[in-house]
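Below is one structure, written out as structure tokens; the observations come after it.
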Number of protein chains: 2
Amino acid sequence: MNKSKHSKCPIAKVALLLSDPWTMLIIRDILNKKMRFGDLESSLESISTRTLTKKIKQLELEGIIEKTEHYYTITKKGSGLNTIIKSMSKYGQKYYK
Amino acid sequence: MNKSKHSKCPIAKVALLLSDPWTMLIIRDILNKKMRFGDLESSLESISTRTLTKKIKQLELEGIIEKTEHYYTITKKGSGLNTIIKSMSKYGQKYYK
DNA sequence: CAGGATCCCGCGGGATACTG
DNA sequence: CAGTATCCCGCGGGATCCTG
């Protein structure tokens with residue numbers, strides 16, 4: 001994927017942001033309630049420390065989550081992703097349950 | 001990512017399905033109108049033949065798109081993804097325009 | 001407990017050339 | 001035009017050990 005292309009298309013940007021299996025799951029968790037590193041680790045059973053660290057850092061840089069005293073919470077921008085998650089959940093319920 | 005884990009969670013399934021930057025863009029295109037291979041290739045400027053072929057095949061297997069005489073169209077199951085795309089688009093408009 | 005640092009492997013995916 | 005076939009490289013990400 002070439003990040004410099006499609007730069008005008010907002011969907012491509014979002015698609016790129018969500019283009020790994022973990023990101024949405026992390027956001028969903030933090031959307032529900034503030035979470036510690038270990039909380040996320042045990043919630044996302046099979047994720048490795050390294051990957052979780054990187055995804056978290058990326059989401060912090062994007063301004064989607066933020067950290068306060070070892071707790072991760074959702075930002076305003078991050079909570080906007082809720083509608084996407086909801087529609088994904090609805091779709092998943094219907095076709096992948 | 002371990003596909004065998006999180007198998008009960010519908011969101012994880014959808015997240016996994018959409019876990020590359022291209023899939024959503026391909027679906028969006030075909031959602032708008034039936035497209036030929038070359039149409040997709042020129043729409044998604046920087047995609048390679050190989051990748052496009054693989055993504056298409058995967059989406060056919062999932063039952064999200066189907067091919068008829070060199071034209072790709074969306075299925076019932078595939079059109080259900082429209083709400084996800086719409087919310088992604090809305091979010092993108094707001095934060096990544 | 002919350003990460004950082006290293007090592008290493010697999011495969012996603014680009015480039016290119018070829019075929020029906 | 002619509003793919004298929006190879007070749008090959010990068011990096012995403014797991015495992016493991018270390019540190020504040």
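In what follows, chains carry the letters A, B, and so on, assigned in the order in which the sequence lines appear, proteins first and then strands, with residues in each chain numbered from 1.
Contacts between residues 50-70 of chain B and DNA chain C, counted as heavy-atom distances below 4.0 Å, involve B:Arg50, B:Thr51, B:Lys55. DNA chain D lies under 4.0 Å from no heavy atom of any residue of residues 27-35 of chain A.
Taking atom CD1 on B:Ile26 and atom P on C:dG13, their separation rounds to 10 Å, with Å as the unit. Nucleotide C:dG14 holds its P atom 7 Å from the CD1 atom of B:Ile47, rounded to whole Å. Regarding B:Leu16, its CG atom lies at a distance of 11 Å from the P atom of D:dG13, rounded to whole Å. Protein atom CG of B:Asp20 is 14 Å distant from nucleotide atom P of D:dG12, rounded to whole Å. Across the protein-nucleic acid pair, B:Glu41 atom CD and D:dT4 atom P stand 12 Å apart, rounded to whole Å.
When distances are taken from the side chain of B:Phe37 to each of C:dG4, D:dA2, D:dT4, the shortest belongs to D:dA2. Side-chain proximity of B:Arg36 to C:dG14, C:dG13, D:dA2: nearest is D:dA2.
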Base-pair string, DNA chain C, Watson-Crick plus G-U, cut-off 3.5 Å on both distances, | for inter-strand, is ||||||||||||||||||||
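Here B:Ser87 pairs with A:Ser87 under the side chain to side chain donor-acceptor pair (under 3.5 Å) rule; sequence neighbours left out.
Among the atoms of the strands shown, only primed sugar atoms or phosphate atoms (P, OP1, OP2) are found under 4.0 Å from some heavy atom of B:Tyr72.
Side-chain atoms of A:Lys13 and A:Leu17, non-hydrogen and from C-beta on, never get closer than 4.5 Å to each other.
Here the closest non-hydrogen pair linking A:Ile74 and A:Ile27 is CD1-CG2, 4.1 Å. The two residues B:Ala15 and A:Met24 make their nearest non-hydrogen contact at CB-CB, 4.3 Å. The two atoms that bring B:Gly92 and A:Val14 nearest to each other are CA-CG2, 3.6 Å, heavy atoms only. Summarising the geometry of A:Pro21 relative to B:Ser19, their closest heavy-atom pair is N-CB, 3.6 Å, with the distance given to 0.1 Å.
For residues 28-38 of chain A, the side-chain hydrogen bond (donor to acceptor under 3.5 Å, both in side chains) pairs, not counting sequence neighbours, are A:Asp29-A:Ser43. Identified under the ring-ring contact (aromatic ring centres under 6.0 Å, His included) test for residues 43-95 of chain A, with sequence neighbours left out: A:Tyr91-A:Tyr95.
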Which atom pairs, donor and acceptor, lie under 3.5 Å between side-chain atoms of residues 51-69 of chain A and protein residues at least two apart or in another chain?
| residue | atom | partner | partner atom | Å |
| --- | --- | --- | --- | --- |
| A:Thr51 | OG1 | A:Ser48 | OG | 3.0 |
| A:Thr53 | OG1 | A:Thr49 | O | 2.7 |
| A:Glu62 | OE1 | A:Lys77 | NZ | 3.4 |
| A:Glu62 | OE1 | B:Tyr96 | OH | 2.6 |

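Each of A:Thr49 and A:Ser19 has a nearest nucleotide on DNA chain D; the 5'-most of these lies closest to A:Ser19.
Using modelled atom types, no side-chain atom of B:Ser89 and backbone atom of B:Ile85 make a donor-acceptor pair closer than 3.5 Å.
A side-chain N or O of A:Thr23 and one of A:Asp20 form a donor-acceptor pair less than 3.5 Å apart.
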